[in-house]
Amino acid sequence: GRLDKVLEKYSKIPVIPQKLTVAKRLAQCLHPNLPSGVHLKVLDTYQLIFNRIGQDRLAKVINYYSQGLFPLFQNASTHVKPKILDLYEKYYVPLKHNLTPCVAGIVLSLLPGLEETGTELADRVMRLLEAIKEATDVTTFYHALWRLALTTAYVRQPVFH
């Protein structure tokens with residue numbers, strides 16, 4: 001919507017002013033009760049922002065933008081989930097060690113996708129989890145995975161499956 005137009009109009013500026021406010025409003029637009037069309041538009045806006053700020057700046061502000069993205073995957077519709085995975089693959093995994101602070105969050109976000117065994121989505125989630133493990137550090141990844149298995153009941157089945 002309007003934010004996209006502003007971002008495109010001032011595309012030469014590589015920073016997002018009021019990034020915390022922008023991230024909060026985007027997170028609000030990803031509420032599970034909103035229609036999937038709204039989610040798709042907001043994911044397009046995330047892509048615009050991530051392209052604009054680049055990997056170095058994204059690494060510094062990833063926690064702001066993750067607060068809306070991570071909770072969405074579990075409740076997203078089937079045509080929104082691939083778009084979320086696209087964002088994770090294109091922007092999060094390349095952060096490599098800079099992804100470490102949010103490994104637990106992204107893993108928690110993705111684990112419910114493994115429940116749909118035998119589907120393309122579950123295969124893609126598994127490949128993405130492997131990429132995250134390789135991008136960060138095996139110890140960090142498994143520490144987050146086991147901590148989530150111990151503390152978060154709804155992810156135990158996908159973890160042990």
Side-chain angles (χ1 to χ4, degrees), residues 22-161:
V22 169
K24 282 173 138 179
R25 296 302 172 252
L26 289 173
Q28 289 172 338
C29 294
L30 293 176
H31 191 277
N33 291 340
L34 292 173
S36 59
V38 172
H39 295 159
L40 290 171
K41 289 295 281 178
V42 173
L43 293 175
D44 289 341
T45 303
Y46 274 103
Q47 188 169 354
L48 268 173
I49 290 170
F50 293 169
N51 280 332
R52 180 172 172 175
I53 64 176
Q55 290 292 312
D56 292 336
R57 281 192 181 87
L58 179 59
K60 294 174 184 167
V61 297
I62 194 73
N63 56 327
Y64 295 154
Y65 296 107
S66 298
Q67 68 182 339
L69 282 174
F70 290 169
L72 177 63
F73 189 79
Q74 180 181 3
N75 300 308
S77 67
T78 54
H79 63 280
V80 172
K81 287 181 180 183
K83 185 104 173 163
I84 299 168
L85 295 179
D86 290 343
L87 286 174
Y88 290 167
E89 291 165 351
K90 185 173 181 182
Y91 300 103
Y92 280 68
V93 173
L95 293 174
K96 299 199 181 285
H97 70 279
N98 289 319
L99 185 60
T100 300
C102 61
V103 167
I106 197 168
V107 170
L108 180 63
S109 168
L110 292 170
L111 286 174
L114 294 176
E115 290 178 346
E116 302 176 31
T117 53
T119 65
E120 169 61 28
L121 180 71
D123 293 342
R124 192 167 169 201
V125 167
M126 189 57 134
R127 287 191 305 271
L128 183 54
L129 287 168
E130 285 291 326
I132 292 166
K133 180 178 73 175
E134 291 172 17
T136 56
D137 165 335
V138 172
T139 305
T140 302
F141 178 83
Y142 281 117
H143 181 275
L145 186 66
W146 284 108
R147 192 176 72 232
L148 290 169
L150 290 171
T151 60
T152 313
Y154 74 89
V155 299
R156 286 188 190 129
Q157 184 177 2
V159 167
F160 295 118
H161 187 258

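Below, each value reflects all heavy atoms present in this structure, side chains not excepted, and no hydrogens, waters or symmetry copies. Bear in mind the structure is a predicted one, so any value in this text is a computation, not a measurement.
- Side-chain contact between L121 and T78 is absent, with no heavy atoms from C-beta onward closer than 4.5 Å.
- The structure places CG of L111 at 11.0 Å from CD1 of I106, a figure rounded to the nearest 0.5 Å.
- Among residues two or more places apart in sequence or in another chain, the side-chain hydrogen bond (donor to acceptor under 3.5 Å, both in side chains) test is passed with D86 by R124.
- Contact of the L72 side chain with the V42 side chain is not registered, since no non-hydrogen atoms from C-beta on lie closer than 4.5 Å.
- Atom CG of D137 and atom CD1 of I132 lie 13.5 Å apart (nearest 0.5 Å).
- Within 6.0 Å of atom NZ in K96, 12 or fewer heavy atoms from other residues, nucleotides or ligands are found, so the atom counts as exposed in its surroundings.
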With a 3.5 Å cut-off and sequence neighbours excluded, list the donor-acceptor pairs that the side chains of residues 24-40 form with protein atoms.
unit_1, atom_1, unit_2, atom_2, d
R25, NH1, Q28, OE1, 3.4
H31, ND1, N33, N, 3.0
S36, OG, H79, NE2, 3.1
H39, NE2, H31, O, 2.8

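- Applying the ring pair (Phe, Tyr, Trp, His ring centres under 6.0 Å) rule to F73 yields no partners; only residues at least two apart in sequence or on another chain are considered.
- A search for salt bridge (charged side-chain N to carboxylate O under 4.0 Å, His left out) contacts involving D123 returns nothing, not counting sequence neighbours.
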Which pairs of donor and acceptor atoms, one on a side chain in residues 57-65, lie under 3.5 Å apart (sequence neighbours left out)?
none

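- Contact record, S109 with P112: O-CD, 3.5 Å, taken as the closest heavy-atom pair.
- Here the straight-line distance linking atom CZ of F141 with atom OG1 of T100 works out to 12.0 Å at 0.5 Å rounding.
- Look at E130 and R127 and you find no salt bridge, because none of the NZ, NE, NH1 or NH2 atoms lies under 4.0 Å from a carboxylate O.
- Residues satisfying the side-chain hydrogen bond (donor to acceptor under 3.5 Å, both in side chains) test with Y92, not counting sequence neighbours, are S66.
- Distance check, rounded to the nearest 0.5 Å: CG of N75 to NZ of K81 gives 8.0 Å.
- Residues K90 and N51 form a side-chain contact, since some pair of their non-hydrogen atoms from C-beta on lies under 4.5 Å apart.
- The CG atom of L128 sits 11.5 Å away from the CD1 atom of I84 when rounded to the nearest 0.5 Å.
- Between L129 and L145, the closest side-chain pair of non-hydrogen atoms is not below 4.5 Å.
- When every heavy atom of V103 is checked against every heavy atom of A144, the shortest pair comes out as CG1-CB, 3.9 Å.
- Between the CG atom in N98 and the CG atom in D56 there is a gap of 8.0 Å [rounded to 0.5 Å].
- In this structure, F50 and Q55 have side chains that are not in contact, with every pair of non-hydrogen atoms separated by 4.5 Å or more.
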